[in-house]
Protein chains: 2
Amino acid sequence: MLDPRKLRLLRELAHRGTIAAVAEALTFTPSAVSQQLSALEREAGVPLLERTGRTVALTPAAHLLVEHAQAVLEQLERAEAALRALTEGPRGPLRIGAFPTAARTLLPPALAGLPPGLEPMVTEIDPADVSAALRAGELDVALIHEYDFVPPITDRSVETHALFSEAVFLTQRTSLEEARDDPWILAKPGTLCHTMTIRACQAAGFEPRARHHLDDFDTVLAFAAAGQGVALVPELAARPPHPGVRLTPLPISRRTLIAFRRGYGGHPAVSAFHQVMAGMTVFQSS
Amino acid sequence: MLDPRKLRLLRELAHRGTIAAVAEALTFTPSAVSQQLSALEREAGVPLLERTGRTVALTPAAHLLVEHAQAVLEQLERAEAALRALTEGPRGPLRIGAFPTAARTLLPPALAGLPPGLEPMVTEIDPADVSAALRAGELDVALIHEYDFVPPITDRSVETHALFSEAVFLTQRTSLEEARDDPWILAKPGTLCHTMTIRACQAAGFEPRARHHLDDFDTVLAFAAAGQGVALVPELAARPPHPGVRLTPLPISRRTLIAFRRGYGGHPAVSAFHQVMAGMTVFQSS
DNA sequence: GGTCCAGCATCAGAACAGCTTACGCTCAAC
DNA sequence: GTTGAGCGTAAGCTGTTCTGATGCTGGACC
């Protein structure tokens, strides 16, 4: 019988590409991962890994096995969620990941609406890192966002549900095209917001000239108000209105979603959190 | 993470009812099974077993978990079948279970039609025992039959596909009702054929008086020809026609099916066998 | 071309899990 | 009351699965 623990390592390898990265993500030594994958290869009876230069590559057989591993692990998630739903109600610790703006604006009222026994533990995390953290079991559930220009999570092991949508604004009273020569305030490279701004500008026909790299939208708005550059900010981050910053809505929208491991939605605490988030009226009368 | 090996034990316990029986079926000592189930209970965090008199009973939580265990084990079967399909074609050993008549009539021509690399290993087995043997991994595939009066396999871990249907005959030129006072030749208790005859007679309003208990239909027909009693025989068992036995078709039919572990149909050898069996014309011009 | 470092495999040893054997307990049948 | 089936626990052994050490290979950089 194939061992799900080994299958999990293979799946992670498909995502991360190196044994060392898998080991770090799942808190093993590379040696252990290497041995386990060798054992899996032996049991499978097919070559799964081949050395390519300094790293390993998955054979076609391994990719096929990853697909099946996904299905197996998903069923195991389902089983565990069902057990939790049976044992306990929505109580105990719930590890929540959230992008910074959500942590500041959405979560405080949301957490207040959770069942009393639930102990939320919030970690700020960029949406780009969420699927890895969910797979590794570091988080139970996460709030993420996606922009029109940035592809959503494609990881099959993660399940997402849309919560709401909001507009994106330019921090001055011009069109996006007219801001082509202004200095820009961008988020740090590697974050979703950084990618979004770059793509939006590219779509408008120019490459933004970066002056500042700031992740916190409050700081971004303060810089914009001080004439330090222009930026794109989502509606959620622009409330309450920042004095001294005029906003122009753009035909770009940002969607906020909830994410968790596929099959794990039945977990009572996850389900309770999902319900509270879905029930929130974020923009009651904008 | 829940351990599929332990889940398998729990599933088997749901079928067999005692730890001792599970141990025997899966070739462990009862002690090992007991320990593993205790560990599963600990990991699940819910009571799964409760002593009832001398045996154990599954709690509602355990039954829920069995459902999920089934889904997990099914996915694992799928994964292994896919691996085999990738590694090798239809070759290597294939453990086939078959009811005796099938072994004598159907299998010889069928085996000849299998791909050359395939090494069939046939075991005669009563359909009533097939699902247990499949679950235990003692067989890869089996030929079974079901009668109108006898419920088919209900085991969710086994998948069946109908191959063909045939009529059942009474071994003399009378109606079933007229045979109520004759001595009967029955199969051994516990077999499907035994149950079928009893039920058919009960449906006709009487309880058959057993004289002989014979499983082999050739012997049954020889006894019938010798005036030792009447019996019900399926069409397949009555070919070629037995001299001295007149047959009366009854409005009872017997279906022959192929069975294998759910999800395992993708295994190349199983699939090849299935194809050959489905392609056989058993009753070309009856 | 030489050096450095990242990445992987292999080995030996330690920790752990899982199995068997032995034994005791309980409950039902007779 | 006796017997035997069924389950659980303790002790001991074995195989698995980690870690840590070591060596090899290939790409990057000087």
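Given the structure is predicted, the values throughout are model-derived calculations rather than measurements. Numbers restart at 1 for each chain; the letters A, B, ... are given by sequence-line order, proteins then strands.
In this model, the phosphate group of D:dG8 is not approached by any side-chain N or O of B:Q35 to a distance below 4.0 Å at OP1 or OP2. Put simply, B:R5 has a side-chain N or O that comes within less than 4.0 Å of OP1 or OP2 on C:dC19. At least one side-chain nitrogen or oxygen of B:S34 sits closer than 4.0 Å to the OP1 or OP2 atom of D:dG8.
The distance between atom CD of A:Q36 and atom C1' of C:dA17, rounded to the nearest whole Å, is 13 Å. Regarding A:E41, its CD atom lies at a distance of 14 Å from the P atom of C:dC8, rounded to whole Å. The separation between A:E24 atom CD and C:dG7 atom C1' is 13 Å, rounded to whole Å. The CZ atom of B:R54 sits 7 Å away from the C1' atom of D:dG4 (whole-angstrom rounding). The nearest whole Å value for the distance from the CG atom in A:L48 to the P atom in C:dC8 is 15 Å. Between A:L49 atom CG and D:dT25 atom C1' there is a gap of 16 Å when expressed in whole angstrom units. Atom-to-atom, CD1 of A:I19 to C1' of C:dC8 comes out at 6 Å; the value is rounded to the nearest Å. Rounded to whole angstrom, the span from the CG atom of B:L13 across to the P atom of D:dG6 amounts to 13 Å.
A distance of 12.5 Å separates CZ of A:R5 from CG of A:L76, quoted to the nearest 0.5 Å. To the nearest 0.5 angstrom, A:R8 atom CZ is 12.0 Å from A:Q36 atom CD.
Applying the 6.0 Å contact sphere to CD of B:E24 captures no more than 12 heavy atoms from other residues, nucleotides or ligands.
Contact annotation for B:T29: base contact, defined as any heavy-atom pair under 4.0 Å involving a base atom. Note on A:A32: a base of the nucleic acid sits closer than 4.0 angstrom, heavy atoms only.
The existence of a salt bridge linking A:R84 and A:E88 is excluded, since no basic side-chain nitrogen approaches an acidic carboxylate oxygen closer than 4.0 Å.
Looking at the side chain of A:F28, the nearest of the listed nucleotides D:dC7, D:dT19, C:dG18 is D:dT19. When the nucleotides C:dC8, D:dT17, C:dG18 are ranked by their closest atom to the side chain of B:D3, C:dG18 comes out on top. Closest to the side chain of B:V56, from the set C:dA6, D:dG8, D:dG6, is D:dG8. Looking at the side chain of A:K6, the nearest of the listed nucleotides C:dG18, D:dC7, D:dT17 is D:dT17.
Mapping A:R51 and B:A20 onto DNA chain D by nearest heavy atom places B:A20 closer to the 5' end of the strand. The 5' end of DNA chain D is approached more closely, in terms of each residue's nearest nucleotide, by A:E43 than by the other of A:E43 and A:T52.
B:S31 contributes a side-chain N or O that forms a donor-acceptor pair with the base of D:dT9 under 3.5 Å.
For the residue pair A:A269 and A:L94, the shortest heavy atom distance occurs at O-CD2, 3.8 Å.
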